[in-house]
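Just so you know, ligand 1 is whichever comes first in the structure, and atom 1 is the first atom listed for that ligand. Since the structure is predicted, the reported quantities are computational estimates derived from the model, not experimental observations. Computed from heavy atoms alone, side chains included, the values below leave out hydrogens, waters and symmetry copies.
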Amino acid sequence: MELSRKIMSIRPSATLAVTAKAKDLKAAGKDVIAFAAGEPDFDTPENIRQAGIDAINSGFTRYTAAPGIIELRKAICDKLKNDNNMEYDPSQIIVCNGAKHALANTFMAILNDGDEVIIPAPFWVSYSAMVEIAGGKPVIVYTKAENNFMLSKEDLEGAYTDKTKAIVLVSPSNPTGMIASRENLQAIADFAVEKDLLVIADEIYEKLIYNKNKKHISIGSLNKEIFDRTITINGVSKSYAMTGWRIGYVAAPPAVAKCINVIQSHMASNANAIAQKAALEAITGPQDSVELMRQQFEKRCDYIFEREEEIPYISALKPEGAFYLFVDISGTCGKKYKGTEIKNAADFATLLLDNKLTAVVPCADFGMENYIRLSYAISLDDIKKGMDRLAEFVSELE
Ligand code: PMP
Ligand code: GLU
């Protein structure tokens, strides 16, 4: 029987695939270091866990309104106003099962068959897959390291067609760790307004910033015209170490929010009720744990970058935020490890895992054949061990 042709052409998530492989090896007793999925190693802060326990104990275990409980949607509006300088009404907020689900809902809500979405490469693997699943066409635009992997006006002009519907923007970026400046954002905003496009702004890493000269700016805060065409995505997974609770949200223009509500009401009903209560505590409770975790990530960022800089044949930009180091391995292509030639990042990652038990994400599915991504959301000890192994691996190339 022929199953969905659309789905058969899409590969499973590369980040989750590498993580699953590393977990299998660990379960088999191997001492694997996994620079794999971007998932904070910290426990969810105690006050947030307690809010979840309280929700269960008080019987808060039933369906909620499809877009989420009103207290949480109001709290999200307050957060978006105070942190991001954008004024939303709770009717414009839909709480979803993670930011990934918020994005998937969004693409389904805005795309008709064949509509094009501009995605700057390197890109987080799931954007293009989600666009395809929703019937759209990802239009990949290759950015350059010398431009901090940011989109320029010329890039946008080159990618635009009369089918273009939206532009994806993620800052701080997964996988590059770069942060868009006000000028970068203004160029995208001006283009979107001029061509009547939507902007999908993924702000999931907004609180994880290490470059003292950079701050997070929401594109939707630049002016009213761009606010009216921006769909802001965020969630609690990364800032509050809540990946497993699965709470993300979308803040959208009223017509888009309405469509997302329809989809969510039919396809998911609502996000987990208990996790919504925990997310409410995360957003409205004490914020000191966010800063403590950020400081730990910053130390790890400094350390991993310093170590990477000492290794020959590979190079990276110093990450400004998020928790990824995006490494160009093209200098190792053509070299051999114990007789096997490295042709691209996939070969590099396979040889590194098989021989040094160190998992990294090869970035072909992020649009870049010769890059690997290292998530440094793991302990400093593990980072040290993993970088020792990476250095040893590269030193053994011939
Ligand atoms: N956007 C980006 C850029 C991400 O890296 C991730 C990682 N999971 C997500 C969205 C989805 O996050 P969530 O865990 O909330 O689904
Ligand atoms: N976003 C994280 C990553 O890029 C988690 C895994 C995923 O959802 O892709 O590794």
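At least one heavy atom of Arg246 sits closer than 4.0 Å to an atom of ligand 1. Judged by the shortest distance from any of its heavy atoms, Asp202 lies inside the 4.0 Å radius around the atoms of ligand 1. The closest approach between any non-hydrogen atom of Gly235 and ligand 1 is not below 4.0 Å. Judged by the shortest distance from any of its heavy atoms, Phe123 lies outside the 4.0 Å radius around the atoms of ligand 1.
What sits closest to atom 8 (O) of ligand 2 on the protein, heavy atoms only, is Lys100 NZ, 3.0 Å. Atom 4 (O) of ligand 2 has Arg373 NH1, 2.8 Å as its closest protein atom, hydrogens excluded (heavy atom only). Summary of contacts: the protein heavy atom closest to atom 2 (C) of ligand 2 is Lys238 NZ, 3.4 Å. Summary of contacts: the protein heavy atom closest to atom 9 (O) of ligand 2 is Thr15 OG1, 2.6 Å.
When ring centroids are compared, Tyr337 and Phe393 come within the 6.0 Å threshold. The six-membered or imidazole ring of Phe366 lies away from that of Phe123, with a centre-to-centre distance of 6.0 Å or more.
The N/O atoms of Gly38, backbone and side chain alike, include one that comes under 3.5 Å of an N/O atom in ligand 2. Between Val170 and ligand 1, not a single N/O pair is under 3.5 Å apart. Residue Ser126 has no nitrogen or oxygen atom sitting less than 3.5 Å from a nitrogen or oxygen atom of ligand 2, judged on distance alone.
Residues passing the side chain to side chain contact (heavy atoms under 4.5 Å, CB included) test with Asn47, sequence neighbours excluded: Pro45, Glu281, Pro286.
Within the set Glu39, Glu203, Lys238, the minimum heavy-atom distance to atom 8 (N) of ligand 1 is found for Lys238.
Heavy-atom contacts of Gly98 reach the following atoms of ligand 1: 15 (O), 16 (O) (cutoff under 4.0 Å). Below 4.0 Å from some heavy atom of Ile204 lie the following atoms of ligand 1, by number and element: 1 (N), 2 (C), 3 (C), 15 (O). Close approach of ligand 1 to Asn174 is summarised as follows: ligand atoms under 4.0 Å from at least one heavy atom of the residue are 3 (C), 4 (C), 5 (O).
Between the side chains of Gln287 and Glu291, no donor N or O sits under 3.5 Å from an acceptor N or O.
The stretch residues 37-46 participates, sequence neighbours left out, in these salt bridge (charged side-chain N to carboxylate O under 4.0 Å, His left out) pairs: Asp41-Arg300.
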